[in-house]
Structure formats: structure tokens, C-alpha cells
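Below: one structure, written as C-alpha cells.
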Amino acid sequence: MLPVRKEIIARLASLTGLPEPEVETSLEIPPDPTLGEYAFPCFPLARRFKKAPQLIAAEMAEHDWPSDYVERVESVGPYLNFHVRRSYLYNTLLPQILREGPVYGILAEGKGKTVVVDYSAPNIAKPFSVGHLRSTVIGNALCRLYRSLGYKVVGINHLGDWGTQFGKLIVAYRQWGDANRLLEEPVQYLYHLYVRFHQEAESTPELEEEARSWFRRLEQGDREARELWEHFRALSLEDFQRLYRYLGISFDSYMGESDYNDRLEETIELARSRGLVKESEGALVADLEPYGLPTCLLRKKDGAALYITRDLAAAIYRHETYSFDQMLYVVGAEQTLHFQQFFKLLELMGFSWAGNCTHVPFGLIHFKDGRMSTRQGKVIFLEEVLKRAVELAREIIEEKNPSLNEKDSVARAVGLGAVIFGDLINDRIKDVEFDWEKILDFAGETAPYIQYSHARVCSILRRAAAEEMISANGMDTELKETTTSGDAAPLKVHNSFGEPEEETLIIAMAHFSEEIVRAVRDNRPSYLARYLLELARGFNKFYHNCPVLTASEEIRQRRLQLVAGVRIVLRNGLALLGIEAPQEM
RNA sequence: GACUCCGUAGCUUAACUGAAUAGAGCACCUGACUACGGAUCAGGAGGUUGGGGGUUUGAAUCCCUCCGGGGUCACCA
């Protein structure tokens with residue numbers, strides 16, 4: 001937390017008698033920068049002191065506030081508004097940003113704590129569709145956000161590599177399969193077989209029973225079934241990993257559903273020993289009605305375990321292995337009930353850490369005319385979306401900046417950025433309609449807008465560096481990721497603080513780490529995405545109104561530092577969302 | 001049917017979890033490169049926050065109800 005904020009909270013707490021956390025949550029950022037950098041609404045105090053909030057604010061404003069951080073405090077109606085000292089912002093905070101560079105915004109709040117993030121989890125043998133985009137992108141951003149707060153993060157890809165769909169695939173492959181085509185395009189081809197299976201099963205329902213029987217054989221370790229399964233699994237995994245590499249995503253563990261096969265029995269036994277299990281129509285169920293939840297099935301009458309049993313086994317295993325302080329499941333909102341049952345069962349099984357497990361739900365991606373369906377072949381491959389986005393970025397580069405170097409990597413950064421950001425920008429709980437036009441939009445509230453701002457920042461710094469060495473200001477001439485450490489010459493002390501556009505920028509930069517904390521607190525990367533948009537907007541206004549390179553020396557120095565700071569925050573912020581920031585585009 | 005989520009400008013949406021004049025983007029209209037990149041910027045128009053009640057000093061936000069849409073509800077994950 002910024003020392004200004006800390007000081008304001010502490011002093012408000014002692015003045016009002018409210019506990020610090022309470023002050024902290026009610027401390028807000030005023031809607032208009034002319035109202036100051038922080039605001040404290042006095043409404044809650046009205047009842048306590050039996051006085052009008054306006055009066056309370058006015059009285060509190062009389063207090064002796066000024067300090068190294070705080071310049072003045074004013075009451076505006078029922079609000080107590082804090083104006084932070086410009087000299088602090090420009091002469092302490094800004095140098096700190098420039099000094100810390102790539103690690104600016106990184107805090108130690110999660111130090112010593114471990115958080116497990118379960119995300120992406122595609123089904124092997126099913127295509128990686130845009131439907132999987134959300135979990136993948138949100139999970140990745142959360143991993144990076146938690147890491148930036150000092151948490152040890154374990155990203156787990158709980159692969160859907162077990163289940164009756166493998167019975168279907170084996171049946172389809174044995175009947176219509178072609179080994180060569182499988183090797184050429186594994187996931188595509190398996191998907192083709194999967195769709196064909198369902199088509200044929202319409203007219204030949206016996207196929208379904210055959211599939212169940214093959215899955216049973218697989219579970220019993222039948223050699224042919226096992227070999228096919230392993231083959232399918234290995235090929236699919238390779239394909240997925242190619243995609244993850246392309247997206248710049250990596251996992252700490254690829255333990256999938258099949259890896260818990262040998263722990264299912266003991267999990268069921270544990271539940272049984274707690275008196276949670278009873279038999280019903282040949283199956284094993286857990287009765288959760290006393291807790292207002294529907295009964296759930298742990299084992300089918302044919303002996304096969306279900307999803308929830310696997311999740312229980314996996315959770316227990318993960319706690320043994322990582323002894324996490326928190327575990328997040330980045331899984332669609334349609335599974336909310338499942339997670340309620342799952343967490344309740346963990347609790348009833350006696351695991352005190354059940355309360356540290358959180359479902360991070362998100363809305364469905366659907367078409368205008370209904371939801372996507374793998375079975376019916378109504379899906380859009382994520383790979384196709386990414387490819388088209390990158391191609392489009394490439395076309396725009398050819399049109400606007402044909403002399404650009406490294407067009408391919410820039411096109412990739414911009415195209416992928418647009419898709420990723422497009423998913424992260426909105427509240428994750430909302431359903432989204434799949435729309436080519438929207439997903440390929442590069443103007444307005446998009447990653448390319450932020451990336452473009454960043455590229456212009458870099459352009460200014462590059463020109464400035466060409467004219468004079470500004471490396472002493474925390475930026476080396478190559479614009480590499482380096483930060484100059486303590487040996488840099490001290491920055492010039494600013495005594496004048498410039499235009500409103502400059503104010504907006506420095507204040508926005510001051511709030512960076514607060515936005516990260518907020519995004520982590522609510523597991524909502526969208527907060528950070530919005531913030532970056534706001535900062536980029538602020539920069540663009542500044543850019544059009546405040547010349548940097550041609551300004552007088554004092555102003556030029558100040559603005560150069562400001563711009564260098566913006567570069568760091570935009571770049572770090574995008575990185576936290578899993579998006580690259582090219583220097584030119 | 002029960003439970004649950006969502007409903008804000010023509011479209012996509014924000015609002016720091018109950019507070020300052022509901023803020024953006026797209027599309028539309030008008031302007032801006034003899035200053036650092038026009039993937040940009042300035043301005044205009046566009047709102048009974050689905051309807052109706054209630055709680056509160058204060059409601060887009062909480063409660064009730066109705067309408068519309070999504071999701072889930074024992075042998076899928």
C-alpha cells in the first residue's frame with residue numbers, strides 16, 4: 001500500500017475511532033480529479049455522532065492534516081477530500097516507479113502464502129473451442145496477479161482426460177478411424193470422430209451402449225482400450241501445449257482426471273466413514289438435503305466414479321501436496337451447484353480448509369441462436385479465432401506501418417492481445433455472445449488501444465534518447481527491460497507541477513497497485529483492464545495537449561519522466577493480464 | 001416446477017460493493033497532423049438503470065413482486 005494511503009487511513013481511524021479496515025474499505029477515489037486523490041464519505045459517521053455528515057466533514061477538515069504526503073484536506077458536502085502533495089507524487093513516487101521499473105506495482109502482501117489456481121482444463125479428445133478461452137485467460141491473469149502480490153502460485157490444468165467420451169472415441173476410431181489422419185491433425189480428427197459418433201448414434205442407438213462398454217474396459221485396464229486412450233491423450237496434449245505456448249501460458253501441473261483413479265476408493269471410504277454415504281438404486285450417493293442442497297451421486301451403479309468424487313480426491317491430494325492457503329477454481333457459472341456440493345462435502349469430510357476453496361465463475365460464450373455444442377459440431381475453434389486475429393493485425397500493420405521490423409511478433413502480440421483483453425475487460429460473470437466483429441475489434445476499448453499508447457510512449461522516449469542520454473532517468477537508450485539501480489544520477493527535483501493532463505497521469509500511476517489489490521480481492525482481472533484503459537486514455541489526452549520533446553528544459557524533463565512512468569505501468573499492467581506490449585506497432 | 005445468475009444510451013458495457021452530475025466504447029454528425037505515430041484527439045447527439053412496490057438521510061446497487069433471457073436440478077464434466 002502506498003504510504004500516503006496508509007497515513008490517511010491511520011489518521012482517519014484514530015480521529016473517528018473506526019477500525020482501520022473499515023476506514024480502508026470506505027476510502028474511495030473521487031470521481032473528478034479536482035476533488036483530490038482520496039475521499040472519505042462521512043455518512044456512516046452521521047449516526048454515530050448524531051450529526052449531519054456535512055457538518056462532520058467540515059469539522060474534520062479543520063483538523064491539522066498537512067504532512068509529508070498530504071497537502072490539504074477539504075470538505076465538500078459530506079465528503080472529506082484529500083489532496084496529496086504534488087512534491088510527493090513527482091519527487092518521491094515518480095522516481096520510485098522509474099527506479100523499480102518492471103517490478104513496480106509488485107507487493108509483498110501474499111508473501112509466504114500459496115494459492116492453487118485450477119483453470120483451463122480442456123477435455124482431451126474434444127476441440128479447444130472459444131468456450132475454453134475464458135477459463136484459460138481469466139485463470140492465467142489471476143495467476144499472474146497473485147504472483148505479483150508475492151503469493152506462491154500453483155497453476156493446475158486439470159485435464160478432462162477420463163470419462164465416457166473415451167468410450168465413444170474408441171468405438172468411433174475402431175469403426176471409421178484412419179491412423180494417418182489422426183497423426184496429421186489429432187485434435188481436429190478426434191473431434192471429427194466424436195461428431196460422427198453422435199450422428200451415427202441417432203440412427204444406431206446401440207453405439208451408446210457399446211461406448212459405455214468400451215469405457216468400462218478402459219477402466220478395467222483392457223490393453224487395447226488403454227493403448228488407444230494413451231495415444232489419444234498424448235496427441236491431444238501435444239496439441240494443447242502448442243496452443244498454450246502460442247498464448248504464452250504455462251502450467252505448473254498437468255495432473256488430469258485420470259491421475260486420481262487410484263484414489264477414488266479411499267475418497268469414497270473416507271466419506272463413508274463420516275456417515276455421508278448411502279446406497280440408492282445401486283449407486284452411492286451423499287445426502288446433502290439437510291444443507292439445502294440436492295443429493296449428489298458419488299458412484300454410479302456400474303461402479304464408475306463421478307466428477308465430484310474425482311474433484312474431492314484431487315482437492316485432498318492438492319492440499320497434501322501444496323498445503324495451499326487458497327484454492328481457486330476458474331470454472332463456468334453453470335457448475336455453481338456442483339461446487340456448492342463439492343465444497344460442502346469437503347467440509348463434512350472434516351477438512352477445515354474447505355472454506356479456503358473458491359469457485360471463480362464466469363458466464364457462457366454462446367451464439368446468437370443458442371449455445372455451442374461439441375456434439376453437434378457447433379463450435380468455433382480457439383485456434384481459428386487467434387489465427388484470424390493475428391492475420392488481421394498483420395494486415396493493419398501492412399497498411400499503417402509497412403516499414404515496421406518484426407511484423408510477425410508484433411502482429412501476434414496485437415492480435416492475441418485484442419482477443420485476451422476482449423475477454424478480460426468485462427465482468428466475468430456475464431454471458432457473452434460470440435461475434436467475429438467484436439472479437440476482431442482493434443479500436444476503442446481494446447488492447448491495441450493500450451498497446452498503441454505504449455508504442456507512442458516508447459516513440460517519445462526513443463527520440464529523446466536519440467537526442468540526449470536519458471538513461472540517468474531510469475530508462476536506458478535501448479529501451480530494454482532494464483532498470484537503472486541505485487547508481488543512477490539523482491532525478492531532478494520538480495518545483496512546478498504542470499497541466500491537468502499531467503496531474504491525471506501521475507495520480508493514475510499512484511493508484512496502480514491499489515487496482516491490483518482490488519482485482520485480486522475480487523478475483524476480477526477486469527478491474528485492472530479498466531484501469532489500464534483509463535491510464536492509456538489519460539496518456540492520449542496528455543499526448544495531444546502537452547508537447548514533450550519541444551518543451552522548455554524543465555518541463556521537458558518532468559514530462560519525460562512522466563512518460564517513462566506511464567510506459568512502466570502500461571507494460572507491467574498488460575503483462576499481468578498476459579498481454580505483450582510491443583515498442584512499435 | 002424449484003433454485004440460481006443476468007437485465008443500464010440503437011449496440012457492447014462501467015460505476016471501487018449503499019453515496020458526489022450514471023461514466024466509457026462502437027455506430028452516427030462536426031472538427032484536428034507546417035509538435036513527439038490519425039490504431040489518436042476535441043466537440044455534438046443519445047438514459048424514467050426491464051416494470052411496480054419497499055428499506056434508507058441516500059438505491060443501478062439491498063428486500064419483495066411481476067416481466068424477459070441464460071443456467072442448473074441422481075448415474076456427463
Side-chain angles (χ1 to χ4, degrees), chain A residues 25-32 35 39 41-44 46-47 52-53 76-79 81 121 123 126 160 162-165 257 280-285 292-302 304 306-308 310-311 331-338 340 361 363-364 366 370-371 393 396-397 399-401 414 422 425-427 429-433 435 437-438 441-446 448-449 451-453 455-464 511 514-515 518 521-522 526-527 530-531 533-534 536-537 539-541 543-551 559 563 584-585:
Chain A
T25 52
S26 53
L27 193 68
E28 45 188 80
I29 297 171
D32 182 339
L35 292 169
C42 295
F43 304 99
R47 199 166 294 133
V76 177
Y79 288 87
N81 292 340
N123 274 326
K126 285 194 196 172
W162 202 253
T164 39
Q165 75 263 29
E257 291 172 19
S280 169
E281 297 168 39
L284 290 184
V285 302
L293 292 167
T295 299
C296 73
L297 214 55
L298 298 177
R299 192 168 71 190
K300 301 195 275 186
K301 61 176 173 232
D302 68 5
L306 279 100
Y307 179 45
I308 197 160
R310 261 168 228 287
D311 263 354
V331 178
E334 72 276 10
Q335 292 193 37
T336 300
L337 179 59
H338 162 77
Q340 285 172 347
L364 227 55
H366 59 89
R371 63 189 292 178
I396 296 175
I397 289 168
E399 177 200 327
K400 310 214 175 205
N401 196 356
V414 173
I425 181 67
N426 289 325
D427 191 352
I429 200 66
K430 302 210 175 184
D431 287 350
V432 295
E433 187 179 287
D435 179 352
E437 255 184 55
K438 218 189 156 202
D441 190 5
F442 289 13
E445 298 182 315
T446 64
Y449 176 85
Q451 289 168 319
Y452 182 66
S453 311
R456 294 217 286 206
V457 164
C458 290
S459 177
I460 293 176
L461 295 174
R462 207 162 36 232
R463 283 166 180 276
H511 290 309
E514 290 161 15
E515 292 295 333
R518 209 159 74 86
R521 189 193 63 208
D522 282 9
S526 59
Y527 291 160
R530 294 259 161 211
Y531 164 81
L533 222 35
E534 200 56 40
R537 223 194 311 272
F539 168 75
N540 280 312
K541 287 180 189 190
Y543 180 88
H544 281 273
N545 293 317
C546 308
V548 177
L549 299 175
T550 56
R559 290 184 179 167
V563 166
E584 296 177 71
M585 60 187 273

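Values below: all heavy atoms of this structure, side chains included; hydrogens, waters and symmetry mates excluded. Order of the sequence lines fixes the chain letters, A, B, ..., with proteins taken first and strands second; residue numbering starts at 1 for each chain.
- Summarising the geometry, the separation between CG on A:Leu533 and P on B:rC26 is reported as 10 Å, rounded to the nearest angstrom.
- The residue A:Pro41 sits apart from the nucleic acid: no heavy atom pair falls under 4.0 Å.
- Using a 4.0 Å heavy-atom criterion, one finds that A:Gln335 contacts the bases of the nucleic acid, with or without backbone contacts as well.
- Within 3.5 Å, no donor on the side chain of A:Asp311 pairs with an acceptor on the base of B:rA77, nor the reverse.
- Among the atoms of the strands shown, only primed sugar atoms or phosphate atoms (P, OP1, OP2) are found under 4.0 Å from some heavy atom of A:Arg537.
- Residue contacts for A:Thr336: at a heavy-atom cut-off of 4.0 Å it reaches no nucleic acid atom on any strand shown.
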Distances for protein N or O near nucleotides 7-15 of chain B N or O, under 3.5 Å:
from	atom 1	to	atom 2	distance (Å)
B:rG7	OP1	A:Lys430	NZ	3.2
B:rU12	O2'	A:Lys438	NZ	2.2
B:rU13	O3'	A:Asn426	OD1	3.3
B:rU13	O2'	A:Asn426	OD1	3.3
B:rU13	O2'	A:Arg530	NH2	3.0
B:rA14	OP1	A:Asp427	N	3.1
B:rA14	OP2	A:Lys430	NZ	2.7

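- Among the protein residues, A:Leu364 comes within range of the sugar-phosphate backbone only, with heavy atoms under 4.0 Å from sugar or phosphate atoms but none that close to a base.
- Atom CD1 of A:Ile308 is separated from atom P of B:rA77 by 11 Å (rounded to the nearest Å).
- The side chain of A:Glu334 has B:rU72 as its nearest neighbour among B:rC6, B:rA35, B:rU72.
- When distances run from any side-chain atom of A:Leu549 to the nucleotides B:rC36, B:rC75, B:rC16, the shortest one goes to B:rC36.
- Using a 4.0 Å heavy-atom criterion, one finds that A:Asp522 contacts the bases of the nucleic acid, with or without backbone contacts as well.
- When the nearest nucleotides of RNA chain B are assigned to A:Leu306 and A:Ser26 by heavy-atom distance, the more 5′-ward of the two goes with A:Ser26.
- When the salt bridge (charged side-chain N to carboxylate O under 4.0 Å, His left out) test is applied to A:Glu257, no partner is found at least two apart in sequence or on another chain.
- Consecutive Watson-Crick or G-U pairs involving RNA chain B, each under 3.5 Å on both distances, make up stems of three or more pairs at B:1-7 with B:67-73, B:10-13 with B:23-26, B:28-32 with B:40-44, B:50-54 with B:62-66.
- A:Tyr452 and A:Asn540 share no donor-acceptor pair across their side chains, judged by distance under 3.5 Å alone.
- Its glycosidic angle being within 90° of 0, B:rC33 falls on the syn side.
- Using a 4.0 Å heavy-atom distance criterion, A:Cys42 is classed as making no nucleic acid contact.
- In this structure, A:Gly160 and A:Asn123 approach most closely via the heavy-atom pair CA-OD1, 3.3 Å.
- Within the nucleic acid shown, A:Ala52 has no heavy atom closer than 4.0 Å to any nucleic acid atom.
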Contacts under 3.5 Å, N or O only, protein and nucleotides 37-40 of chain B:
from	atom 1	to	atom 2	distance (Å)
B:rG37	OP1	A:Ser459	OG	2.8
B:rG37	OP2	A:Ser459	OG	3.3
B:rG37	OP2	A:Arg463	NE	3.4
B:rG37	OP2	A:Arg463	NH2	3.4
B:rG37	O5'	A:Tyr543	OH	3.3
B:rG37	O2'	A:Tyr452	OH	2.6
B:rG37	O2'	A:Arg456	NH1	3.0
B:rG37	O6	A:Met585	N	3.1
B:rG37	N1	A:Met585	O	2.6
B:rG37	N2	A:Met585	O	3.0
B:rG38	OP2	A:Arg456	NH1	3.0
B:rA39	OP1	A:Tyr452	OH	3.0
B:rA39	OP2	A:Lys400	NZ	2.9
B:rA39	O4'	A:Lys400	NZ	3.4
B:rU40	O2'	A:Arg456	NH2	2.7
B:rU40	O2'	A:His544	NE2	2.9
B:rU40	O2	A:His544	NE2	3.3

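- When the P atom of B:rA77 is taken as reference, atom CD of A:Glu257 falls 7 Å away, rounded to whole Å.
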Distances under 3.5 Å between nitrogen or oxygen atoms of protein and nucleotides 42-47 of chain B:
from	atom 1	to	atom 2	distance (Å)
B:rA42	OP1	A:Lys541	NZ	3.4

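- Residues passing the salt bridge (charged side-chain N to carboxylate O under 4.0 Å, His left out) test with A:Glu334: none are found, sequence neighbours excluded.
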